[in-house]
Amino acid sequence: MSQNQIDILQRALKREKLARKQAEKILEEKSLQLYNTAEELKYANEKLEGLLDEKTTQLQGIFENINDAYIVMDLEGNVIKMNDAAVELFGYDINKETVNVISLIYKEDYTYAMESFMELGDKGYFSDYTARVYTKTKAVKWVHINASIVYDKQKQPIAAQGIIRDITESKYTAELIEEQRVELDIIVENAPFGIALTQYGKMVKTNKAFQDSLGFTEEELENITVKDISVAEDFPESKIYIDKMDAGEINNFVLDKRYKKKDGSIIWAKTSVNAVRDQTGKIKYQVALIEDITSQREKALIINMINEVAKSVLGKMNIYEIAWEIVNSIAKFLGTEDCVIYLVNTRQKTIEQIAAFGDKVNKSNKIVNTVILPLGEGIVGRVAQTGVAEIINDTSKDAAYVVDGKRRNSEITIPILNNGEVIGIIDAEHKSKNYFNKQHLKTIQNIASLVAMQLKSAINLRAREKVEAKNDELLLALAKSNDELQEYAHIVSHDLKSPLRSINALTSWIKEDNKGQLDEASLQNFALIETTLEKMEQLITDILEYSSVGANDFDLQDVNLNEIVDELKQVLFVPEHISIRTLKTLPILKGDKTKLKQVFQNLISNAIKFNDKAKGSIEIDYFEHKSYYQFSVKDNGVGIESKYHDKIFKIFHALNKSKDSTGIGLSIVKKVIDLYQGEIWVESELTKGTTFHFTIKK
C-alpha cells in the first residue's frame, strides 16, 4: 500500500472520527432535548390530569348543586341521571326505579312535546320549551326547558341533557295578573264615571262613560289633547297642578273644571288626577277620573233648600207645625203666591187643607175658608186618588180645576206617599201659564219623600193621642163597670138568697099547716115553686162563681189533676151505669186548684147530666206539647148539633132545658181557660157523644 493510499485512509479515518464526534454531539444534544421534552410532557400531562380532575369535580358540584332541575337521558328517553333539584321536582329516584320522559308529558301537551323532541334531534338543541308535566304523584307542574344533544368524540349523538325550571307559581301568577287585568279593563270600561289615561297631555285610552259624557268616539279622542277639550279660562289653574305633579311635589289633585263637548256645549266635571310613575319617579301616565257635576252645581240651591226644610221639621211631631214649615219653604223656592198642604182622610174619603201660604191665611196664620174636597174632586183630589204628580200649564183647559180664592193659570200638585199610600198633597199655583217645569216637580217630590215619614208619624201620633184619650175613658168606665158587677154579684149572692130561703120556708109552713087539706093540683104547684126556688138559688151561686173567675186571688201552686178527678168522683152524683176513667196519669200543673177544679167539675157534670145511654162512658185524656198541655173530656151522650158549637160557651146559653142547668157552667170553663192563655173547642155529633178539648199553657 502506498503512502498516498495510507494518507488517504488516514484522512478518511480522521474525517470519520470527526463525523462520529459530531454525530455523537448531535445525538447527545438531541437526547437532552428529547429528555427535556419528555419531562415537559410529563409535567404537562400531570397538570392536565389535575386540571381534568379539577374540572370533573367542579362539573359534578355544579350538577349536584344547580338550583334548577338537570336531567340526562339516553336517545330512547330513559333518564340516566338526575340532580337533587330534579329528584325533588319529579319525585323519582332513578337508582331504584326506571323513568322515561314520555311518562312525564302532560296528555294535552303531547303533540307539542313530540314536535320539540324532533327539533332537538334535527338541530341538536331546543330552547324556551314551556309546557306541563306530571310528577310521580300525578301532580301537574308548569316547566321551562332548555335542552341539547350530547355527542361522543366521533360527533355521534349518544344522549340528551336538559335544564328544567319549575315555573308553576309564576305561571299561575301571570294568569292571575292577566285575569285581574281583564277584570280591571271590564270595570274601567263599565264604570259609571269617566276615566282617561293620558301621556304628555294626549289621550291614550278612555272608557265609554268618558266618551259618552263628551260625545266623542274613542278614535276621535286619541287624536285630541286635554287642552283641546278644556275651557281656556280653566286651563291655567289645571296647569299649576300639572307642573307641581311633574316636579314631584304632588302625586294627585282634585279640581272642578269645565270641558267642551263635541256639540259645543259645556259640562262641569269633578276631575281627580293621579300620577303613575316609573322606578325613577318620572311620570309615565296620568289617570283622570271625570264625574259630571253639571246638574249638581245647578241644583246647589235646591239642595240647600231641601236641607233647610229637613232642619226646620226635624224633631217636630205636631202635624200643623210640620205642614207650615213645608209650605213656607216651597213657596219661597218656587216664587209662588199660593202653596197649600192637604191631608188625606181615608176613612171619610176626603182631603182637607191643614197649612197654606199667601192669601189663604190671615195675620194669625190661620187658614181662611178651609177647603175640604171629596177624593177625586179637583186636581188635588185627582192626584190624591191616583198618587201621580201633575203639572197643569193652563188651568183654564182643565175642567177639574177648583178656584180657591182666585183663579191662577199654572198649578203643580205632588202626592206625599208613605209605603205607597197617599197621606197628603202639596199643591202650588202661579198666575203665569207654563210656569212650573220638571225640575220643580222633581224637587217637590224630593221634599215630599223627605217629610213623608215624619208627617206620617205626626198623623199617627195625633190619631194615637185621640185613641189613647178615648181608651182612658173606656178603661175608667170598664173599671167602674167591673166594680159594679162584682158588687152586684155579691149583692145577688148574699141579699137575694135570703128572701128565696124565706119563700121556701113559708111554702113549707103552708104545706105543714094545711096538711091533708091540699088537693093534688095544689101540692104539684107547691112542688113547682120549690123546684123554681132551687134553680134560682143555683143560678145565683153560678153567677157569683162566674164573676169571681179572674179575680186577683189567683193562688199558684202545684196541682195534681189526678187528685182533682178522684175528689170529683166522690163529690158528684155518678149513676151506676156511667163510668169515669182517665186513659193515662194526668200531669201536675202550676196553677189555682179551685179554678182548675171548676173546669173538670163542669165538664164532667155536663157529661153525666146529658148522657142518655144505657151504659154511659166518660174518658179523660191529655197530650203534652212543647209549650202547652192539651186535655180532652169525652162522653157517649146525646151530642150537640154543629150549629151550636160556638154558642154553648156564651153565658146563660143552655141547649137542654134542665132544672140542674143554668147555662153558666161552660162560660165559667171558658173564662178559666182564657186565664191560662189556652183555647177550648168541642167535637160532637148528635146522639153519638161529645168531646171537649182545651189547652193550658205550661
Side-chain angles (χ1 to χ4, degrees), residues 295 298-299 302-303 305-306 309-310 313 319 322-358 360 367 370-405 407-460:
S295 59
E298 292 176 351
K299 294 173 185 175
I302 297 173
I303 293 172
M305 188 271 293
I306 292 175
V309 172
V313 301
I319 190 170
I322 294 173
W324 283 109
E325 293 290 351
I326 295 170
V327 294
N328 286 328
S329 297
I330 291 177
K332 182 179 178 181
F333 165 71
L334 294 176
T336 62
E337 61 270 23
D338 174 79
C339 185
V340 179
I341 286 186
Y342 291 80
L343 199 63
V344 176
N345 189 323
T346 54
R347 180 177 297 177
Q348 298 180 6
K349 296 184 178 180
T350 60
I351 55 173
E352 177 183 357
Q353 294 177 340
I354 60 168
F357 175 85
K360 283 289 297 179
I367 297 179
T370 300
V371 174
I372 301 176
L373 297 173
L375 278 178
E377 185 174 322
I379 295 171
V380 286
R382 185 169 67 204
V383 170
Q385 199 168 46
T386 63
V388 179
E390 293 187 29
I391 293 177
I392 310 300
N393 292 317
D394 187 351
T395 58
S396 65
K397 295 181 179 180
D398 195 321
Y401 178 75
V402 175
V403 177
D404 182 14
R407 174 177 285 277
R408 298 176 180 88
N409 293 309
S410 296
E411 184 170 1
I412 185 170
T413 309
I414 291 93
I416 302 174
L417 300 168
N418 181 261
N419 293 327
E421 176 191 3
V422 180
I423 61 173
I425 299 291
I426 299 174
D427 183 73
E429 297 181 14
H430 196 274
K431 62 183 179 180
S432 303
K433 294 180 181 179
N434 302 308
Y435 181 77
F436 301 108
N437 56 44
K438 290 183 179 179
Q439 187 60 60
H440 292 147
L441 184 71
K442 190 173 181 179
T443 302
I444 308 305
Q445 284 177 324
N446 287 335
I447 293 175
S449 299
L450 180 69
V451 301
M453 186 175 293
Q454 194 157 0
L455 189 63
K456 181 65 175 178
S457 297
I459 293 170
N460 291 339

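Positions are given from 1 along the sequence.
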Between [X] and [Y], which heavy-atom pair has the shortest distance, and what is it?
X      : Y      : value
Phe357 : Thr336 : CE2-O, 3.6 Å
Gly387 : Leu417 : O-CD1, 4.3 Å
Arg408 : Thr395 : O-OG1, 2.6 Å
Pro415 : Ala448 : O-CB, 3.8 Å
Gln353 : Thr370 : O-CG2, 3.5 Å
Asn434 : Ser410 : N-OG, 3.1 Å

For the side chain of Tyr435 and the backbone of Leu334, is there at least one donor-acceptor N/O pair under 3.5 Å apart? yes
Test your reading of the model: is there a side-chain donor-acceptor pair from Asn437 to the backbone of His440, 3.5 Å cut-off? yes
Out of curiosity, [X] [atom1] to [Y] [atom2], how far, rounded to the nearest 0.5 Å?
X      : Y      : atom1 : atom2 : value
Lys456 : Ile423 : NZ    : CD1   : 6.0 Å
Thr346 : Ile351 : OG1   : CD1   : 13.0 Å
Asp338 : His430 : CG    : NE2   : 10.5 Å
Ile414 : Ile330 : CD1   : CD1   : 7.5 Å
Ile367 : Trp324 : CD1   : CH2   : 5.0 Å
Leu373 : Arg382 : CG    : CZ    : 12.5 Å

Is it true that the side chains of Ser396 and Asp394 contain a donor and an acceptor less than 3.5 Å apart? yes
Exactly one of [options] should register a side-chain contact (heavy atoms from CB on, under 4.5 Å) with [X]. Which one does?
X      : options                : result
Glu352 : Val371, Ile372, Ile341 : Ile372
Phe436 : Ile391, Thr413, Ile392 : Ile391
Arg347 : Val344, Asn345, Thr350 : Asn345

Could you pull out all residues at least two apart from Gln385 that satisfy side-chain contact (heavy atoms from CB on, under 4.5 Å)? none
